[in-house]
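Below, chain A is the first sequence line, B the second, and so on; all start at residue 1.
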Protein chains: 2
Amino acid sequence: MSAASALRSDPALAGAVRDAVGRLGRRMRHHAAHPELSLGQLAALRTLERRGAMSPGELAEHEKVQPPSITKMLIRLETLGYVTRAPHLADRRQVVITISETGKALLDDDRRRRDAWIAQRLRGLEPEEIAALRAALPALEKLSRS
Amino acid sequence: MSAASALRSDPALAGAVRDAVGRLGRRMRHHAAHPELSLGQLAALRTLERRGAMSPGELAEHEKVQPPSITKMLIRLETLGYVTRAPHLADRRQVVITISETGKALLDDDRRRRDAWIAQRLRGLEPEEIAALRAALPALEKLSRS
DNA sequence: TATTGTTATACTCTATAACTATA
DNA sequence: TATAGTTATAGAGTATAACAATA
């Protein structure tokens with residue numbers, strides 16, 4: 001049996017993913033190292049760092065949220081100085097959002113803190129479980145964007 | 001290098017987990033097969049099925065939420081007929097929550113639907129990615145409860 | 001006095017719909 | 001008329017604090 005058909009034929013698997021992801025998201029929301037930013041705001045900032053400057057509309061598309069939600073995230077991020085706003089050169093309806101140096105520094109700091117947080121949590125996992133988690137990340141990422 | 005130290009020394013990993021889990025949770029919330037129940041309500045119902053009848057307090061502990069949150073979930077689940085409420089035999093402060101036959105039937109149906117939904121989504125993944133996801137589930141589950 | 005569960009209240013996140021400015 | 005973005009509004013989910021019933 002192939003890996004794909006094995007997964008499809010296991011009806012408990014999808015439910016387990018859903019439950020675990022929901023619970024983990026809830027826990028992360030509370031134990032986040034930088035409580036002044038939500039998970040969504042942090043993910044958006046991370047996207048801006050990785051993919052470079054873009055318009056709010058493009059960012060909304062990337063993050064799989066509606067435009068009004070991005071507007072709110074950006075108000076927050078701009079107020080805190082983590083992103084900057086500039087007029088689009090050719091189309092005056094558009095806006096170009098760029099991560100600031102402060103924003104980059106925050107992400108760096110955030111990574112260090114999360115590394116410590118998750119490292120502590122991982123002490124409760126077996127080495128094989130940790131390796132499995134690591135190996136599944138590309139799939140999880142892809143799944144979350146598909 | 002061991003798997004554990006490899007993970008700890010990769011500062012991008014924790015952030016990737018967090019972003020992916022957040023985004024996936026958001027998407028699942030919208031594409032859930034049974035929109036009358038939230039992820040949290042469904043997870044609670046699943047726990048009641050797997051672990052058997054318990055008090056609201058125990059359920060809150062299992063689901064990693066505060067008691068008032070469980071109260072709201074249970075009101076919803078009871079209104080819809082998916083759980084039943086009975087007085088505790090020895091302690092009249094407590095209540096015993098049991099999943100109903102309707103609740104079990106819902107979970108069965110939900111599994112079938114989610115299986116189809118995730119199967120479609122998995123067509124965009126490589127077989128190795130699917131296998132990796134499957135292998136990581138125990139770790140994800142454990143992580144979400146630690 | 002401590003514990004179980006609920007009610008009251010508030011906050012965050014996200015959505016849809018309506019609006020403004022520009023193309 | 002169509003598009004990019006914002007504002008207005010509402011709903012879901014969760015939290016903390018205060019309360020009632022019982023141990």
Side-chain angles (χ1 to χ4, degrees), chain A residues 18-19 21-32 34-45 53-80 83-97 144, chain B residues 18-19 21-32 34-45 53-80 83-97 144:
Chain A
R18 181 144 81 164
D19 287 357
V21 166
R23 200 160 32 229
L24 190 53
R26 209 156 48 230
R27 301 213 65 198
M28 288 196 306
R29 225 170 294 136
H30 279 87
H31 293 97
H34 284 274
E36 78 267 24
L37 289 186
S38 72
L39 282 183
Q41 289 156 4
L42 216 43
L45 194 60
M54 64 183 75
S55 70
E58 289 175 291
L59 190 54
E61 177 106 12
H62 268 294
E63 297 306 310
K64 304 292 182 191
V65 296
Q66 293 302 308
S69 301
I70 278 294
T71 293
K72 284 205 174 181
M73 291 183 198
L74 289 177
I75 288 171
R76 179 81 179 151
L77 289 172
E78 193 183 16
T79 300
L80 294 171
V83 303
T84 59
R85 204 179 275 265
H88 190 280
L89 296 178
D91 185 342
R92 281 189 299 170
R93 292 173 306 181
Q94 289 191 46
V95 175
V96 178
I97 309 293
S144 77
Chain B
R18 181 144 80 164
D19 288 357
V21 165
R23 201 159 32 228
L24 191 54
R26 209 155 48 230
R27 302 214 63 200
M28 289 196 306
R29 227 169 291 136
H30 280 85
H31 292 98
H34 285 275
E36 79 266 23
L37 289 187
S38 73
L39 281 184
Q41 290 155 5
L42 216 43
L45 194 60
M54 62 183 76
S55 71
E58 289 174 292
L59 190 54
E61 176 106 11
H62 268 293
E63 297 307 310
K64 304 294 181 189
V65 297
Q66 294 303 307
S69 302
I70 277 293
T71 294
K72 283 202 175 184
M73 291 183 198
L74 289 177
I75 288 170
R76 178 83 179 149
L77 288 172
E78 193 184 15
T79 301
L80 294 171
V83 304
T84 59
R85 206 179 274 267
H88 191 280
L89 295 178
D91 185 343
R92 278 189 301 169
R93 293 172 306 180
Q94 289 190 47
V95 176
V96 178
I97 308 294
S144 76

message = From the set D/dA23, D/dG5, C/dT6, return the single nucleotide nearest to any side-chain atom of B/R93.
response = D/dA23

ask   = Counting just side-chain N and O atoms, does A/T71 come under 4.0 Å of either OP1 or OP2 of D/dT6?
value = yes

query = Just to confirm, is there a sub-4.0 Å distance from OP1 or OP2 of C/dG5 to any side-chain nitrogen or oxygen of B/S55?
reply = yes

ask   = From the list C/dG5, D/dT6, C/dA23, which nucleotide is the closest neighbour of the side chain of A/D91?
value = C/dA23

request  = Indicate whether OP1 or OP2 belonging to C/dC13 is found under 4.0 Å from a side-chain N or O atom of A/Q66.
outcome  = no

message = Quiz question: by atom type and distance under 3.5 Å, do the side chains of A/E58 and A/S55 form a donor-acceptor pair?
response = yes

task = Would you tell me if any nitrogen or oxygen in the side chain of A/S38 comes within less than 4.0 Å of OP1 or OP2 on C/dC13?
result = yes

inquiry  = Can you work out whether A/A90 or B/V96 has the more 5'-proximal nearest nucleotide on DNA chain C?
reply    = B/V96

ask   = Do A/R92 and C/dT22 have a side chain to base donor-acceptor pair shorter than 3.5 Å?
value = no

request  = Output yes when at least one side-chain N/O atom of B/S69 is less than 4.0 Å from OP1 or OP2 of D/dA15, else no.
outcome  = yes

note = On DNA chain D, more 5' by nearest nucleotide between A/V95 and A/K72 is A/V95

task = Name the nucleic acid region contacted by B/P56, choosing base, sugar-phosphate or nothing; use a 4.0 angstrom heavy-atom cut-off, strictly under.
result = sugar-phosphate

Phosphate contact (C/dT14 OP1 or OP2) by B/R23 side-chain N/O below 4.0 Å = no

message = Need one value for A/E58: base, sugar-phosphate or nothing, where a base atom within 4.0 Å counts as base even if backbone is also close, heavy atoms only.
response = nothing

message = Once you apply a heavy-atom cut-off of 4.0 Å, does B/R76 come out as touching a base, just sugar-phosphate, or nothing?
response = nothing

request  = Determine the contact category for A/Q94: base if any of its heavy atoms lies under 4.0 Å from a base atom, sugar-phosphate if only primed atoms, P, OP1 or OP2 are that close, otherwise nothing.
outcome  = sugar-phosphate

